[in-house]
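I have placed the structure first, in the form of structure tokens, so that the comments after it can refer back to it.
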Amino acid sequence: MSYLDELNDVQRQAVTNTDGPVLVVAGPGSGKTRVLTYRIAHLIEKGTAPWEILALTFTNKAAREMKERIGKVVGPRANRVWAGTFHSIFARILRVEAEKIGYPSNFTIYDSDDSKSVIRSIIQEMNLNKDHYNPNAILSRISSAKSSLITPKLYEKDEELREQDRMAKRPHLHAIYKKYTARCKRSGAMDFDDLLYRLYELFQKNPDNVLDKYREKFKYVLVDEFQDTNHLQYSIIRKFIQYDKSDRNICVVGDDAQSIYAFRGATIQNILDFEKDFEKHGIKVFKLEQNYRSTEHIVQTANEVIGYNRRQIKKTIWSDKGDGHKIKLIKAMTDGEEGQRIADNILEQKNRHHLRNSEIAILYRTNAQSRVFEEYLRRYNIAYKIFGGLSFYQRKEVKDMVAYLRLAVNTMDEEALRRVINYPKRGIGKTTLDKISTVTAQLDKPLWECLGRVQLSKRALGAIADFVAMIKSFQKKAEGENAYEAASYIAKRSGIMDELKADNSVEGINRMENVNALLDGVKAFVEDDTVIDTETIADKSLASYLQNIALLTDLDTKEDENTEYVTLMSVHAAKGLEFKSVFVVGMEEKLFPSFMSLESQDGIDEERRLFYVAITRAEQFLTLSYANSRYRYGQMRYNEPSRFLQEVPLERLEEISGARSSFGSNRPGFMDRSTDNGNSNGSSGARVSGNFKKPDRAVSLGIDPKDFKPNAPTEIQAGMKVLHLKFGEGKVLSIDGGSANRIATIFFKNASDPQQRKIMLKFAKLQIIG
DNA sequence: CTTGAACCTATTTTT
DNA sequence: TAGGTTCAAG
């Protein structure tokens, strides 16, 4: 079996030890996916039927990738492996079994916006103080309750939780949880957590011995990114595998150091528990410690940094790729300067090291940071792509359209109903809706069923009757026609199309295009005949379409034909990816680590793991940067450099950038490393000295801004001597680019690294001096 | 019931 | 800053 030759010793062990419980601890870049996929391929080669294998991942992308790579070894059989995200696999099982626990099989899946909206309306209904009852906080509280298998009843009885809520001035949280649950149920809806929780409930109650069916079906279970599983997910996994006569063929793969979703209930406790739970059953542990991705400077920096965390599984990640390039640190005065300097460096790397755009990534802690980088990359004419932010399916117009589709499939879907009952405007306003809501709350029936039972004005009654008739016609279409026929009918008849057509603003046209794109997507769904996964029947109904998109995110939209762009994304989003050159920006206290994490050691530890993830994305070049000041919420804020910067080994750091001289000493602002042994972290507040205000560069160059009179951009020509406020005197070496976008390459004799800079004349202020 | 203007509030987020 | 929500007047 040739694929086994592509593995190192430990990897091969992890692949061929197929029976019994296995834990694979896999460092970054250690070939984790390869092990997982080859293990599955190996199982199939040795005679296991693909559909007897269950492989759980966290992202659609990971699942897709896995199937692809299995396919390369075993061929199209790979498609019949039950490989998918926790949510999608469980949803698939629930579609079949939901009625056993009182849900319709065509249940709606609520995304977190829907969940929040439910919570908002409950808060309103209960007349609670909005200042203390923040939907985000409440949802996360409910979510973690579910993830810990705490039902509303248990929550009510749990004094500790209740006390926490009282302390946070939201004593009625348990009541909200209860109502929320009831409301989802009467809407025939499951939120993301329910897809897990209801499956657990199903297995726990075990009607018709449904659990046995799945235990027998799945002979082998594999879990990717095990460190990101929560208690609930592990409980379900145990249901599948941990019982009397089980062979316990389970393999989990994970890295405790890369656990960055604790804020969503993930717990590395699961890894520790796993070892304990399967101790008696001959658990085998394999550690993948060789990093095939990065150079030693990068790997050792990562090792050093993560060493500051408490509690971790012992492992030594190493690389045989040689030292490579040192890690760069860029110090900037402002966020704007940071943006420019990063763009400068990207340009330089492209020139000097011949990197392509696609080999470069800028990673930040928060999505809001992308703006400045966008600005400068655009100026420099470097193609880039921003990931994250609002996804296609979260756009208002798309959600509106989808809400109609959802309603046509499941009229119990209250969130969809509320969303569109008066959009486009049809005279069913707040007052009417309030009256209906009151009745709904009394009867505890789906809102849809209450529409006819409310005392209302003639006008309102008429409007509602029209609306109901319309939705019923949609329902008929959804049942009788394929998804595209139904959807395009609904788009027209609902009035959405007319509403959008009427708006001729740029945004309006954009919205129209988005709805059309959605319809195109439906069409593609109907026409697409590729088999996505096992036993997928050619169900082209609207219901089937909705099931398909509910669990898709942004990344489903097909890749741009042009892939030559610099990647901009949050560190979270970068997990699992790799780039030749990585810029980790905004390395400042209160930003990275985030201010929300500063209160607890656990919080800091998680941020550090996040930093670890960021570092280990880089193959050859790693650049860190921070700014002394940046705009936040429209206000200038001063931040100290991130504590994590002090944890980067000095000897692996390259002192660079024009800023060096203005700092004076070797590592200005950082206290001597020896006084900080990593255990005294808690009281770090005063550790970083405040000497970060650089003298104004212009002043230090001896130029008085008053004497500086910049010339018009068009006057600048190659060969001229010019003066720049920041960089001082320089010589224009060449000029590229068209009239409006002329870029000058200028050599500044007094600037340090890089002395040669490309400057967009349109924006630059240069004075000709000769 | 609809509209516009003041008002408020901000992490990360595989699903 | 930017966006969403809320509130008071049409």
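Below, chain A is the first sequence line, B the second, and so on; all start at residue 1. Quantities reported herein were computed from a predicted structural model and do not represent experimental measurements.
Between A:F58 and A:F86, the angle of the ring planes lies from 30° to 60°, which puts this pair in the tilted group.
Note: CD1 (A:I260) to P (B:dT12) measures 13 Å, nearest angstrom. Rounded to whole angstrom, the span from the CG atom of A:L552 across to the P atom of B:dT13 amounts to 18 Å.
Comparing atom distances between the A:N134 side chain and each of B:dA10, B:dT15, B:dC1 picks out B:dA10 as nearest. In this structure, the nucleotide among B:dT15, B:dC1, C:dT1 sitting nearest to the side chain of A:T59 is B:dT15. For A:F263, the listed nucleotide lying nearest its side chain is B:dT12; candidates were C:dT5, B:dA10, B:dT12.
Proximity of A:K425 to the phosphate of B:dT3: a side-chain N or O atom is located under 4.0 Å from OP1 or OP2. For B:dT13, neither phosphate oxygen OP1 nor OP2 lies less than 4.0 angstrom from any side-chain nitrogen or oxygen of A:N136. In terms of phosphate contacts, A:N367 brings no side-chain nitrogen or oxygen within less than 4.0 Å of OP1 or OP2 of B:dT11.
For A:R365 and B:dT11, a side-chain-to-base donor-acceptor distance below 3.5 Å is absent, hydrogens and geometry of angles not being considered.
Taking the ring centre of A:Y200 as origin, the terminal cationic atom of A:K239 falls inside the region bounded by 6.0 Å and 45° from the ring axis.
Checking side-chain atoms of A:D114 against main-chain N and O of A:D111 turns up a donor-acceptor pair under 3.5 Å.
For B:dT12, the base adopts the anti conformation, since its glycosidic angle falls more than 90 degrees from zero.
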